[in-house]
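In this text, all values refer to a predicted model and were calculated from it rather than measured experimentally.
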Amino acid sequence: MCGITGWVSFDRELRNEATALDAMTETMACRGPDDRGTWAEGPAALGHRRLAIIDLPGGRQPMTAETPDGTVALVYSGETYNFTELRRELADRGHPFTTDSDTEVVLRGYLEWGDTLAERLNGMYAFAVWDGRHDKLVMIRDRMGIKPFYCFPTPDGVLFGSEPKAILANPLAPAKVGLDGLRELFSMVKTPGHAVWEGMREVEPGTVVTVDRTGMRSRAYWSLDTRPHPDDRDTTVATVRSLLDDIVGRQLVADVPRCTLLSGGLDSSALTAIAARRLAEHGEKVRSFAVDFAGQSDHFVADELRGTPDTPFVHDVARLARTDHQDIVLDARTLADPEVRARVIRARDLPMGFGDMDASLLLLFRAVRDQSTVALSGESADEVFGGYLQFFDEEARNADTFPWLAMAARHFGEDSNVLRPDLAKTLDLESYVADGYRTAVSGIRRLDGESDFEYRMRRICHLHLTRFVRLLLDRKDRMSMAVGLEVRVPYCDHRLVEYVYNAPWSLKSFDGREKSLLREATADVIPRSVYDRVKSPYPSTQDPRYGLALQEQAKDLLDRTDHPVFGIVDRDKVHRAAHRDTPVSTQAARHGLERTLDLAVWLDLYSPDLAVG
């Protein structure tokens, strides 16, 4: 797990551009605190920051291979979980290996199979290969978009990086956000390829992008395809469990301390329990960590989103699985600390408005990193197995829009509510979302004989797996890599995703509840309390002191009358929220203030050129 960056310029000798390459590479220092390396030759320059996970001494990058026709150089971020099998196959084909790293397997795999190597990989990855034999750059991203990857086409080549900040460190890439960028920022639709920053784009998940002297081309090597599911319930449950056993076993491989992130929900509890069994076979105990808030039991109030606090269920799992467990307890002062907010914005490069849920995730990961380098997370199980409220809410299921937006509007209000009225009118987010929704559902294939209801649920599952999950995977990656922690996501294994996606909704919810297949597949290893627990999302503090701190910070911001944030948000609305007679105590009430403060910090840190008139 690392940070990668690079520059291809067919009109320059990039060995003369070491200063720019070093600046790009150093923006990735948090992603790779263990080592750094750069390489340049002719029109290509590559930079790498390393977080050492496998073969600590042998996996240095950029990694090169000399051929009779030129040098092939690689910068790689991520993990290939089937590298042992691929290494064996490549060795049988005559490839020599000098390290035990998966990076060398990827490099040798490219030499053997070219960019079709992508179809053989099981893992999370973003990597770039400069192929000096053909003067071309090949960029490849994993199927689900677990690892971030951005590029910025230039008149004579391309800039690329794990994060926008690496690209923005090059003078060729201005920090500019146009109207479509603002629309993307405030709409939560995750348009494929869109990067918010003007001129920048994401390398889309499951895609190979090639850059040579004739320009840039891309091809998809994977997509979420519709096909019949012939298995009955028992076979489906058994297959899910078999896949999970294999996936968790593969993702426990590391040469550094590992752990699990345990929330007390079904997803993380199942992973923790399976991991505990696997490690117990080798006489090891799994370490587990959970986030909690000081005084949460005193302040907790059940609502439609969260019916129960996490901690009692966390402890049930820890006892049953016999984990070495630790609660990471955070207080309101720390969550509201402006420096924590600034670290979140630096990590994400954008003001996403997740508020205390971003802050607590960053602080949780920072505490975990003090004791472990690799963590397994239950992220994405809700998208794979159908766990969110919107999968069961009739209004959200029937809405002619992205279903999570229907639920978010009910619980948090529209993001456009914080905007200046004139800017909201110019952005016309309603039309932007509607256009995006029509595009997103247009290519989802319907099976012959599939009922209207089953097809509607297929579309909802597809949207979550190709749009919504990418928002959360990006959040997870940015918060974890900001502190040098590798977080693995077993539920994103493409084999599991493909299999469960094609199971009909009647199987996914055969007992009338969310995530029926996952619950039944892991019933033998989780506590009964967790088996019976209703889905509860990532926790948010209910401490009123957090809301009060937001209000005080908003008052300070209002005193800065010339702050550019008021070119975006409605000052009067911020004033009313900051001067309420009672503290903003709920997540919904806090959302506008959190969004405003995030925007203000972003503008201070990045000084973007905004198209707001």
Side-chain angles (χ1 to χ4, degrees), residues 144-145 179-196 202 204-205 223-224 226 303-305 350-355 357 380 382-419 421 423-446 450-475 501 505 508-509 514 535 537-538 587-588 591-592 594-595:
M144 293 294 290
L179 290 177
D180 266 355
L182 290 172
R183 291 181 180 110
E184 191 69 19
L185 186 60
F186 284 96
S187 62
M188 280 193 68
V189 299
K190 201 67 176 82
T191 303
H194 207 301
V196 178
E202 276 193 306
E204 293 187 33
S223 60
L224 188 60
T226 299
D303 58 24
E304 185 184 4
L305 284 178
L350 292 170
M352 299 305 297
F354 280 64
M357 291 187 292
S380 308
D382 287 309
E383 290 81 5
V384 174
F385 290 97
Y388 293 116
L389 280 176
Q390 55 261 31
F391 284 94
F392 297 87
D393 182 271
E394 281 302 310
E395 181 182 342
R397 290 203 293 205
N398 292 311
D400 193 24
T401 189
F402 297 98
W404 56 89
L405 293 184
M407 295 299 291
R410 188 186 309 169
H411 293 290
F412 307 111
E414 301 280 0
D415 256 1
S416 59
N417 288 345
V418 305
L419 297 174
L423 180 58
K425 183 177 180 180
T426 298
L427 295 180
D428 189 10
L429 293 179
E430 184 176 350
S431 295
Y432 185 76
V433 169
D435 290 345
Y437 176 73
R438 283 191 293 269
T439 299
V441 299
S442 63
I444 303 173
R445 188 168 77 86
R446 182 172 185 165
E450 194 168 42
S451 70
D452 290 345
F453 175 74
E454 281 287 353
Y455 181 55
R456 188 187 318 142
M457 297 311 298
R458 178 180 296 282
R459 290 193 304 179
I460 290 174
C461 292
H462 195 283
L463 290 171
H464 279 82
L465 288 167
T466 58
R467 296 293 190 100
F468 190 65
V469 75
R470 294 177 187 175
L471 290 165
L472 300 185
L473 288 173
D474 185 75
R475 169 178 176 258
Y501 166 67
W505 183 252
K508 290 191 181 86
S509 59
E514 76 281 359
K535 159 71 183 173
Y538 184 84
Q587 193 175 347
H591 182 66
E594 290 174 322
R595 189 60 141 155

Between [X] (side chain only) and [Y] (backbone N and O only), is there a donor and an acceptor less than 3.5 Å apart?
{"X": "Lys508", "Y": "Gly387", "value": "no"}
{"X": "Arg475", "Y": "Leu471", "value": "no"}
{"X": "Glu454", "Y": "Trp505", "value": "yes"}
{"X": "Asp393", "Y": "Leu389", "value": "no"}

Which heavy atom of [X] sits nearest to which heavy atom of [Y], and what is that distance?
{"X": "Phe392", "Y": "Gly386", "value": "CE1-O, 3.7 Å"}
{"X": "Thr426", "Y": "Arg183", "value": "O-NH2, 3.2 Å"}
{"X": "Val418", "Y": "Gly592", "value": "CG1-CA, 3.7 Å"}
{"X": "His194", "Y": "Gly181", "value": "CE1-CA, 3.9 Å"}
{"X": "Arg446", "Y": "Asp452", "value": "NH2-OD1, 2.6 Å"}
{"X": "Ser380", "Y": "Leu473", "value": "OG-CD2, 3.6 Å"}

Donor-acceptor pairs are to be reported for all side-chain atoms of residues 437-445 against protein atoms at under 3.5 Å, with residues two or more places apart or in another chain.
unit_1, atom_1, unit_2, atom_2, d
Arg438, NH2, Asp435, OD1, 2.3
Thr439, OG1, Asp435, O, 3.1
Ser442, OG, Thr439, O, 2.8
Arg445, NH2, Thr226, O, 2.6

Return the [atom1] to [atom2] distance between [X] and [Y], rounded to the nearest 0.5 Å.
{"X": "Phe391", "Y": "Asp382", "atom1": "CZ", "atom2": "CG", "answer": "8.0 Å"}
{"X": "His462", "Y": "Ser223", "atom1": "NE2", "atom2": "OG", "answer": "7.0 Å"}
{"X": "Arg458", "Y": "Arg456", "atom1": "CZ", "atom2": "CZ", "answer": "14.0 Å"}
{"X": "Tyr501", "Y": "Leu224", "atom1": "OH", "atom2": "CG", "answer": "5.0 Å"}
{"X": "Thr191", "Y": "Asp180", "atom1": "OG1", "atom2": "CG", "answer": "8.5 Å"}
{"X": "Leu182", "Y": "Leu419", "atom1": "CG", "atom2": "CG", "answer": "8.5 Å"}

Practice task
Any chance you could lay out the salt bridge (Lys or Arg N to Asp or Glu O under 4.0 Å) test for Lys190 and Glu202, step after step, and finish with the verdict?
Solution key: CA-CA 11 Å; Lys190 201 67 176 82; Glu202 276 193 306; 2.7 Å; yes

Exercise for the section: Please determine which of Lys535, Glu383, His464, Glu514 meets the side-chain hydrogen bond (donor to acceptor under 3.5 Å, both in side chains) test together with Tyr388. Expected result: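 So, applying the side-chain hydrogen bond (donor to acceptor under 3.5 Å, both in side chains) to Tyr388 and each of Lys535, Glu383, His464, Glu514, only Glu383 qualifies.
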
Donor-acceptor contacts, no H, no angles, side chain residues 399-408, under 3.5 Å, sequence neighbours left out:
unit_1, atom_1, unit_2, atom_2, d
Trp404, NE1, Met188, O, 2.9

Problem - Cationic tip of Arg595 above Phe186 ring, under 6.0 Å, 45° of axis - result: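 Positive - Arg595 is close enough to the ring of Phe186 and near enough to its axis.
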
Exercise for the section: State, yes or no, whether a side-chain contact exists between Pro192 and Arg467 at a heavy-atom distance under 4.5 Å. Expected result: yes

Exercise for the section: For residues Tyr432 and Leu179, determine if any side-chain heavy atom of one lies less than 4.5 Å from a side-chain heavy atom of the other. Expected result: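 Tyr432 does not reach Leu179 side chain to side chain.
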
